[in-house]
Amino acid sequence: MRLVTTLSVLVLGVGGIGHALVTGLDSGIGRVDPFRDMKNRPEDGNGMNILLVGTDGRDTITKEERRKYRLGGAPCRCTDTIMLVHISEDRERASIVSLPRDSYVEIPAHTDLTTGKRHGLHAVKLNAAYTEGGPALTVRTVEDLTKVKVDHYLEVDFRSFMKTVDAIGGVEVCTARPLKDTHSGLDLKAGTHRLDGAKALQYVRARHVDGAADLGRMQRQQRFVAALVQQATGSGMLLNPVKFRQVSTAALNSVRADRGFGTNQLLTLGKAMRSFTPASTEFVSVPVKDPSFPVKGVGSTVKWDPVKAERLFRALREDKPLAPERPRGAASARAAKVVDVPPRQIRVQVYNGTRLDGLGSRVDTALKATGFNTTRAPLNAGDRKVKRTFITYDPRWDRSARSLAVALPGAELRPVKGQGPTLEVTAGSGFTSVTPVRADTPRARGAFGAITGDEVLCR
C-alpha cells in the first residue's frame, strides 16, 4: 500500500511539465534525517535506491474514518511495509523488492528513542527497528542486511494513499474470483472494478482472503501498483498541469522524506521516466529459507535464504534486471485473459461435434497452445450436428470449468455428476477460435522469481 502511494509520487513526475509547475510542491513534505551520524555505509552503486516505509500510524485518521475503513486497534509505532525500489541508471526500469516485516535481523547498538535505554547488538523483527530507532535505525538496519546504499527515504500513511487514489480518478483492478475479507472490509465480486481511495485501501490491506495471507496481499499490491502506473502514464493526466499538481499535492502532503528529496529530484525522475510503463516494473520478494524461525523473546520470524538473498542484492547493486528477458511469443501471453485456475492444471478431452474434418484437432491444438493439459487425442462426438460448443464437467471441478469457458467464448457449461476431473469440450459448428488465457497469479520467472507489472494487469 505504501509502495503504491510513493510510486505514484515518482511516476507523477513523468512528462517534464516544467519547474514552475512543481516548484513548492515539496513544501508539504514532512522532513526527517535518516542518514544522521551514519558511518561505514555501503559503496555507491549505479542507479537510485529508495527505501519505502509505511508505518501503522493513525494520527491523521479520525475516529469515524477508523470505524468506516476498519482501521481500529492500537498502533505499534512500527513499520508494516518495507520495500527497496531501485531505479536503474538509464531510468528505464524499477526493481521493487519486498522486505518481510517479520524478517529476522540483528540491529546494531543504539539508544532506544522510546525508552531512552542503550541497547547493544540484539535480535528483533525488522519492523521493530523503526520502533526502537525511527527512520535512522531502519535505514541503517536495511543497509547492514542488504549491503545496498539507500539514497532516499520515503514514509507514507493511510490518508495519503486514499487521497492519491481519489485524485487520480480511481484505479482499475480485476479478480478471477470473489474477494471478501471481514477484517479489512473488502468485498469484491469476480470481474473488473474501479476502486476509489477507500476501496483501494481495503484491497491492498486484505490478509484474510484466503490461505495465502501476506503472500496474497503482496500479489494484490503488485497488481495495484501496475494498474496505478498504467493509469498515471496512459491517461494523459501527466500532461494536464492542473491535474498533475492536484494529484502531486495529494500524494506529497502526507509523505515524510529525507531532506535531499525535493523538487529537483522530482523533475529529474520525471524527465527520465517519460516512457515508464507497467512493463518497466519488476516485483520480487526476498528469498526465504524459513518462514517461521523461532527466536527466544522475539517470537516467530522470517529467516532469509542467505545465499539467494545475497545474489538478489548483488544484482541490485550492479544495476542488473531481476526478471529475465522474455522469449518470443510472450507478448501474446501478456494479453491473455485472467482465469482463476492455471490452465496447466486443467485436463481436457476434445470432441468434434460436427462433420467438419479436423475441427477437433484444431480446438485441441489451440487449447494446448494457451496452456491447457489436453489429451492430444481428439475424438468424434456421437452427435455430429452440434451448433453451440459445450463443456461438460463434474461440479466438483466447477472453478476449472469456468476457467476453461473463458477460453471458449459462448460455450455452454453442462454439469455432469461423477464425470471426474477431466473436462470434455464438444466443438460445434459455431466455434471460431480459442481466447488466450493465463492464471490469476502469474508464474514467477528467473533466479529471483520476479514478475513484471504488465503481467498482472487486467485484460
Side-chain angles (χ1 to χ4, degrees), residues 1-15 25 28-29 52-62 64-71 80-81 83 85 94 96 154-175 179 181 184-189 191-207 209 217-238 240 242-257 266 276-278 281 283 453 456-458:
M1 178 184 61
R2 283 28 179 245
L3 166 65
V4 173
T5 301
T6 310
L7 271 186
S8 68
V9 176
L10 305 183
V11 173
L12 291 172
V14 176
L25 283 180
I29 300 177
L52 306 183
V53 168
T55 71
D56 75 336
R58 298 165 171 83
D59 295 342
T60 62
I61 302 295
T62 66
E64 174 60 23
E65 288 172 325
R66 290 190 190 190
R67 183 194 63 78
K68 183 176 180 181
Y69 304 133
R70 311 284 180 95
L71 301 176
D80 59 6
T81 301
M83 297 182 181
V85 173
I96 301 163
L154 294 176
E155 179 185 311
V156 294
D157 63 10
F158 294 143
R159 181 172 295 284
S160 61
F161 175 81
M162 292 189 287
K163 288 171 63 178
T164 300
V165 174
D166 286 336
I168 205 174
V171 174
E172 185 179 85
V173 300
C174 56
T175 175
L179 298 177
D181 180 3
S184 71
L186 179 67
D187 189 3
L188 295 180
K189 296 179 180 179
T192 300
H193 308 269
R194 180 165 289 276
L195 306 182
D196 62 13
K199 289 290 185 184
L201 182 63
Q202 294 173 336
Y203 180 81
V204 297
R205 290 185 65 230
R207 297 180 62 242
V209 171
R217 179 170 68 167
M218 184 188 75
Q219 292 168 345
R220 283 186 291 279
Q221 290 174 348
Q222 292 169 353
R223 287 188 176 88
F224 195 88
V225 171
L228 184 140
V229 171
Q230 183 184 50
Q231 171 80 0
T233 59
S235 64
M237 177 199 64
L238 298 173
N240 182 328
V242 175
K243 191 69 172 177
F244 173 83
R245 189 172 184 89
Q246 178 187 1
V247 176
S248 297
T249 300
L252 292 171
N253 277 348
S254 300
V255 169
R256 297 210 306 167
L266 284 172
F276 200 74
T277 69
T281 57
F283 298 95
V456 293
L457 288 175
C458 300

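FYI, the numbering just counts along the sequence from 1.
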Practice problem: Please lay out, stage by stage, how Thr192 and Glu172 fare under the test side chain to side chain contact (heavy atoms under 4.5 Å, CB included). | Solution: CA-CA 7 Å; Thr192 300; Glu172 185 179 85; 3.3 Å; yes

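Taking the side chain as every heavy atom from C-beta outward, Leu195 and Val173 approach each other to under 4.5 Å. With a 4.5 Å cut-off on side-chain heavy atoms, Arg256 and Leu154 do not count as touching.
Separating the CG atom in Asp187 from the CG atom in Asp181 is a distance of 10.0 Å, to the nearest 0.5 Å. If you take NZ on Lys199 and CE on Met162, they are separated by 13.0 Å, rounding to the nearest 0.5 Å. Rounding to the nearest 0.5 angstrom, the gap separating the CG atom in Leu179 from the NE2 atom in His193 is 7.5 Å.
Annotation for Tyr203 and Cys174: closest pair OH-O, 4.5 Å, computed over non-hydrogen atoms. The two residues Asp166 and Gly197 come nearest to each other via the heavy atoms OD1-N, 2.8 Å. When all heavy atoms are compared, the tightest approach of Lys189 to Thr175 is O-CG2, 3.5 Å.
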